[in-house]
Amino acid sequence: MSEQIQQIKVTIDDQTIMVDPGTTILSAARQIGGNVVPPAMCFYSSLKGSGGKCRTCLVEVAAGSEKDPRPMPKLVASCSTTVMDGMIVKNKSSERVLDARKGVVELLLINHPLDCPVCDQAGECSLQDLAFEHGASHSRYEFERREFDKIDIGEYIKLHMTRCILCYRCVYTANQLTNKREHGVLKRGDAAEIGTFIENSLDNEFIGNVIDVCPVGALTDKTFRFRSRVWYTKPMDATCNCGKCSGNAVVWMIGDEIARVTARKDKYGEVKEFICNDCRFNKKELSDWKIEGPRHIDRHSVISANHYEKAAPIHTPLLNKA
Amino acid sequence: MSRKLLLNNVHVEGIHTYDVYRKNGGYTAVEKALKSMTPEEVVEEVKKSGLRGRGGAGFPTGMKWSFIAKPEGVPRHFLCNADESEPGTFKDRYLMEKIPHLLIEGMILSSFALGCEQSYIYIRGEYMYVLRILEKAIAEAYQNGWLGKNIKGSGFNLDLAVSPGAGAYICGEETALIESLEGKRGNPRMKPPFPAIQGLWQRPTVVNNVETICAIVPIVNEGGDAYAGIGIGRSTGTKLISAGGNINKPGVYEIEMGITVEEFIYGDQYCGGIKNGKKLKACVPGGSSVPILPHYLVCKTAEGTDRLMSYESLAEGGFATGSMLGSGGFIVYDEDQCIVRNTWNFSRFYHHESCGQCSPCREGTGWMEKVLHRLEYGHGKMEDIDLLWDIQRKIEGNTICPLGDAAAWPVAAAIRHFREEFEWHVKEPNACMTRNYGLVTEKIFEKVNA
């Protein structure tokens, strides 16, 4: 590197790291890794403009910068606040943050149907993880929950709006990954809903990725709905020859059958390489895929409790780095 | 009678037409600025005047103007926020309806000071008839050479257009206003970047309230120092107050900052006292978002000094015993009004108007409304009061835009000052249903002597 970028120092929960200017607090925390990473329900690194909406990633800035060490009066959204040199951030070490996060989780859950027992997302749901970590054991909400009709959007995708937390990720995916803007938010306030303008079906070749970006069970794969709990399936890295996408995917197997296909997610649940609808919905034969090996599902999902992984720890980037 | 800067000619017959406005000293400020002042000098006058934003937040206008980025070759925009939707506030409508040319003159001056060649007035959709008045006035201004290319030979070009919203309170938030003006869904943007750096179409933009822009005209005419001479402390100049509620003379009043609240409520030239000879129970001094004040804190601060109509005095005591001047929507409640019902009504408004972008506001406003509805209609429980307190605390400060705060503050203040009335609703559900007003007299009014 010929151009020397002046790195800046940021401290999160007493751990210091040097990062490039313009980094957000969340991405600095992810560079440190481990426990200091705030949860993120709406932020998605590959989607421009995402973030700032769910307010679960709120952190306290105890010192704004080296030059101006005053604390910020309000909690800030770590996904959309850039770091300054000498910034001191408190995530889990701040009572205020934990309290606010608990509040946000409670508010997110008041209109959520809590139908995890029949929800296909259960086991790999960000909201489930978040509620487990930060939520209260019971709800104080005693009113009727918001309900919507289930909608088929396109041939393969089911929209169950009642479960939606309005993170806007699918809206950004539809806008940015595909060329057509058919997908948006209708109405406002707690009546707001994801819609495909008068229920137009989404028939873009990459639209299946909205299923992967959805943090909850609002958008589900109709080819997989109700077939199995995700933790009974075995995730395998697999590739195929595909002219439209990279062909790198994860196939979720029940015995010798491929139950579903998803893109590969990193440990924060973010897809780096989006896959096309063909790979996702139509290639359900073993002969379509070249299996590479078991998939390491990171972080707190129940899937990571899979036992075979210990025998074959092939994907351990953290260990390799150290 | 106190001095009037904005409304001094409002009763002149036909002031909404160009000819009458011009005859009464209209457009002299533009003439003066274009002939003898540089844009920097205009900004300097505004800074000297100490003018603060009249839309609610009270941010110094001169300072806001000086933040605007001036990159080479990038056009800048000046926007007028006429999306006046705060319950209790109706001053901007009055200004635009009666003297539309004052706003246009202010727009020309501000655009000149900031170097903007395309400016917009964003008006709420409900003011469609006001929009027609403004469009007529703009056409007159074009005909007489005050808008368009090379205005009065000064070399300054300005185009002005009016754009209506579709009826959303949230579009009064400046970044949501910008989104809406761009033709998108009116969701507030994340800040930073601030509009002064990246606003309308990613260009540097300044958004000001109607009244703020109108106040630029007397500032240029008479000089910033003269304007700063009116008022008290850091609250300079005059302010339009839209007075409503149980008073004898509701309406829009232009006051000099620094008159006492007592004079404003009881003075004959202003509200003229409480209607039907009743007693004052509470007052919301700045539009529905600001904390409500109980009667013993309206005219006096907690320290016992006179409360004045100014940004500082109304905020004295913080949220514990003070409120805010806000946008000047002055709502007075007499002894018969029910605070719980009023709070529920406000909450219902914020629930309806939340854009639904960020979770605390989207979910929390609805929850508060439902709990308050339950309390008001006699199904409440004692825990509900603490629950409400908890919900508002979780919304406040945790949202993208100030709508969350605006929804939380009235609930917090109502519980803080009128907890007994909430409790009464729980204890006496039948009475609260049949009488439809709160704890009248005794308990509430005891505090005067305490």
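In what follows, chains are A, B, ... by sequence order, proteins preceding strands, each numbered from 1. Note that the coordinates shown come from a computational prediction; the quantities given were computed from them, not determined experimentally.
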Exactly one of B:Arg124, B:His352, B:Glu353 should register a side-chain contact (heavy atoms from CB on, under 4.5 Å) with B:Tyr169. Which one does?
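Going through B:Arg124, B:His352, B:Glu353 one by one, the side-chain contact (heavy atoms from CB on, under 4.5 Å) with B:Tyr169 is satisfied by B:Glu353 alone.
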
What residue in [options] has the most heavy-atom pairs under 4.5 Å with chain B?
options                            : result
A:Gly189, A:Ala77, A:Gly103        : A:Gly189
A:Val104, A:Leu75, A:Leu166        : A:Leu166
A:Ser80, A:Gly51, A:Cys54, A:Pro73 : A:Cys54
A:Arg146, A:Arg55, A:Lys187        : A:Arg55
A:Cys167, A:Ala192, A:Gly52        : A:Gly52
A:Met41, A:Lys53, A:Lys74          : A:Lys53

Might you point out which heavy atoms bring B:Pro188 and B:Glu173 nearest each other, and give the distance in Å?
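The pair with the smallest heavy-atom distance is CB-OE1, 3.6 Å.
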
Tell me the closest heavy-atom pair linking A:Arg145 and A:Ser139, and the distance in Å.
NH2-OG, 4.1 Å

With only heavy atoms counted, which part of [X] is less than 4.5 Å from chain A, the side chain, the backbone, both or neither?
X        : result
B:Thr365 : neither
B:Arg189 : neither
B:Lys381 : side chain
B:Glu396 : neither

Please check: side-chain N/O of A:Glu66 versus main-chain N/O of A:Met87, any donor-acceptor pairing under 3.5 Å?
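Flag not set: sc A:Glu66 to bb A:Met87 has no pair under 3.5 Å.
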
Within 45° of the axis and under 6.0 Å from the centre of the six-membered ring of [Y], does NZ or CZ of [X] qualify?
X        : Y        : answer
B:Arg52  : B:Tyr311 : yes
B:Arg393 : B:Trp389 : no
A:Arg169 : A:Tyr172 : no

Just wondering, more than 12 heavy atoms not from B:Arg419 lying within 6.0 Å of its CZ?
yes

Under 4.5 Å heavy-atom distance to chain B, tell me which part of [X] shows up: side chain, backbone, both or neither.
X        : answer
A:Ile110 : side chain
A:Glu144 : backbone
A:Phe143 : side chain
A:Leu58  : side chain

Let's go through B:His351 and B:Trp367 carefully: what are the C-alpha distance in whole Å and the side-chain angles of both, what is the deciding distance for ring-ring contact (aromatic ring centres under 6.0 Å, His included) to 0.1 Å, and is it a yes or a no?
CA-CA 9 Å; B:His351 175 207; B:Trp367 194 1; over 10 Å; no

